[in-house]
Structure formats: structure tokens, C-alpha cells
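These notes are about the structure you will find just below.
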Amino acid sequence: MKEHHILIKKANSKFKVADHMVYVTYPLLNDPKLIIIIADNLYYSLLDSIEAILNYEYYYKRLDNIPQKTNEKIKVFKEDIIKRYGFSAGILNVFDDLHKLMEFRKKGPVEFIRKGNFVICDRLYSTKMINFQKIKEYVQQIKPFIKKVQEVLG
């Protein structure tokens, strides 16, 4: 199986987990700790989708190489792939938000729940919050993107 097919299956699997958690698990348990788990699945689902399309382009020799760093992958995706396939540029905003959240979480030693929000606090006590409603919006924005990537990859 080609690398881009493996990556899109992985992305789709992570997205399905996030989608199920948003629409079934979270309403059932109503536990804000699930928010960060959902965000994590959404982030890696998007990253795997972008990697899949880059691998597809490389496989068909439209790209010279596949960048190794995440920022470089996003740059290539933004400059070449979005125009070629007509992806919505809004997906980059979602990816950027999730990427910043994941990076902030790596640096932040303290996490807690406050009024239904998942709050991450770094060493200097600056905070970043995410709530269930925002996660739900991300799911709605990511779903058509992943479907379109699957269509492109065939």
C-alpha cells in the first residue's frame, strides 16, 4: 500500500475517534478533560492528512522532496497544494490554532478545568483555554477537508 493511503487511513481513524468523542462520549460523560484528548486527535488527523497529500504529490513527482519539519510542511501545503486542489484556506487557521495549543501544552506544566474550559498554564502563568464549543467547530471544519483529501487521493 502506498504511503499516502496509509497516512489518510490513519488520519481518518483519528478523526473518527474525535468525532465520536464529540457527539457521543462527551455529551454522555460531560467531562471537560476529554476536550484535550479530542483536540489531540483532531490535530494529528489534520497533520496526517496534510502529510498524505504531500506524499501523494511527491509520489507523482510534483514535489521534489517532502519537508521534515511541521512548519515547512504547512508552508508547502499553503503555497502549492491549496491552490492546486482548491482547499479552503480556513483549514490553515484551524491547524494553526490546534498547533499552538499542542505546543503550549508541551511547555505548560499545569492544566486544570474551570467553568467547562480546559485551561493550560505555563511557567509564567499565562494561560490558553479551549472549550467544547470550539472543539465542535473544529470538527465541522475538518470533516469536509478530510473528505476532500480522500477524494483527491482516490
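For the single chain, residues carry numbers from 1 onward in sequence order.
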4.5 Å side-chain heavy-atom contact, Ser88 and Phe145: no

Pick one: which of Asp19, Asn41, Asp40, Asp48 meets side chain to side chain donor-acceptor pair (under 3.5 Å) with Lys14? Asp48

Correct closest heavy-atom pair for Ala52 and Ile8 would be CB-N, 3.9 Å

Ile50 and Val149: side chain to side chain contact (heavy atoms under 4.5 Å, CB included), yes or no, with the steps? CA-CA 8 Å; Ile50 291 169; Val149 170; over 6 Å; no

Give a yes or no on whether Glu79 atom CD has more than 12 heavy-atom contacts from other residues, nucleotides or ligands under 6.0 Å away. yes

From Asp97 CG over to Phe95 CZ, what is the distance, rounded to the nearest 0.5 angstrom? 11.0 Å

Would you please test Asn117 and Ile130 for side chain to side chain contact (heavy atoms under 4.5 Å, CB included) and show each step? CA-CA 6 Å; Asn117 293 322; Ile130 188 156; over 6 Å; no

Any side-chain heavy atom of Ile120 sitting closer than 4.5 Å to one from Ile36? yes

Fit a plane to each ring of Tyr26 and Phe132, take the angle between them on a 0 to 90° scale, and name the class: parallel (under 30°), tilted (30 to 60°) or perpendicular (over 60°). parallel

Minimum heavy-atom separation for Pro109 to Cys121, with atom names? CD-O, 3.4 Å

Is any side-chain N of the basic residue among Arg84 and Asp80 closer than 4.0 Å to the acidic one's carboxylate O? no

Please report the closest heavy-atom contact between Ile135 and Ala39, naming both atoms and the distance. CD1-CB, 3.6 Å

With the 4.5 Å side-chain cut-off for hydrophobic clustering, are Ile38 and Ile113 part of the same group? yes

Gap separating the CG atom of Asn12 from the NZ atom of Lys9, nearest 0.5 angstrom: 10.0 Å

Could you check whether Lys134 pairs with Glu137 (Lys NZ or Arg NE/NH1/NH2 to Asp/Glu carboxylate O, under 4.0 Å)? yes

Exceeds 12 heavy-atom contacts within 6.0 angstrom, atom CZ of Phe104: yes

Within a reach of under 6.0 Å around NZ of Lys73, are more than 12 heavy atoms found that belong to other residues, nucleotides or ligands? yes

Heavy-atom distance under 4.5 Å between the side chains of Leu46 and Leu42, does that happen here? no

Quick one: do His99 and Tyr43 satisfy side-chain hydrogen bond (donor to acceptor under 3.5 Å, both in side chains)? Show the steps, please. CA-CA 7 Å; His99 182 71; Tyr43 173 73; 2.8 Å; yes

Residue that, paired with Leu47, satisfies side-chain contact (heavy atoms from CB on, under 4.5 Å) out of Thr70, Leu98, Leu7: Thr70

Do the side chains of Lys136 and Tyr23 get nearer than 4.5 Å, heavy atoms only? yes

Do Arg62 and Tyr56 come close enough that some side-chain heavy atom pair is under 4.5 Å? yes

Single-linkage hydrophobic cluster, 4.5 Å side-chain cutoff, Tyr60 and Leu153 together: yes

Go through the steps for Glu151 and Tyr85 under the test side-chain hydrogen bond (donor to acceptor under 3.5 Å, both in side chains), then give the verdict. CA-CA 10 Å; Glu151 289 171 8; Tyr85 296 106; over 6 Å; no

Is it true that Lys106 and Glu103 make a salt bridge, defined as a side-chain N closer than 4.0 Å to a carboxylate O? yes

Heavy-atom count around Asp64 CG within 6.0 Å, excluding the residue itself: above 12? no

Counting only N and O atoms by type, is there a donor-acceptor contact under 3.5 Å from the side chain of Asp31 to the main-chain atoms of Leu34? no

Closest non-hydrogen atom pair, Ile91 against Gln141: CD1-O, 3.7 Å

Got a sec: does the NZ of Lys148 have more than 12 other heavy atoms crowding it under 6.0 Å? yes

Look up atom NZ in Lys10 and atom OH in Tyr44, then write down how far apart they are to the nearest 0.5 Å. 10.0 Å

Strictly under 6.0 Å, is that where the ring centroids of Phe87 and Phe77 end up? yes

Met129: hydrophobic cluster co-members (side-chain, 4.5 Å): Val110, Phe112, Val119

Rounded distance (nearest 0.5 Å) linking atom CD1 of Ile37 with atom CE of Met21: 5.0 Å

Ser45 side chain to Ala11 backbone, donor-acceptor under 3.5 Å: yes

Separation between CG of Leu54 and CD1 of Ile66, rounded to the nearest 0.5 Å: 6.5 Å

Would you indicate whether the side-chain heavy atoms of Lys100 and Lys128 approach each other to under 4.5 Å? yes

Looking at Asn55 and Glu51, would you say the former's side chain and the latter's main chain have a donor-acceptor pair under 3.5 Å? yes

Would you give the length of the straight line joining atom OH of Tyr59 to atom NZ of Lys2, rounded to the nearest 0.5 angstrom? 4.0 Å

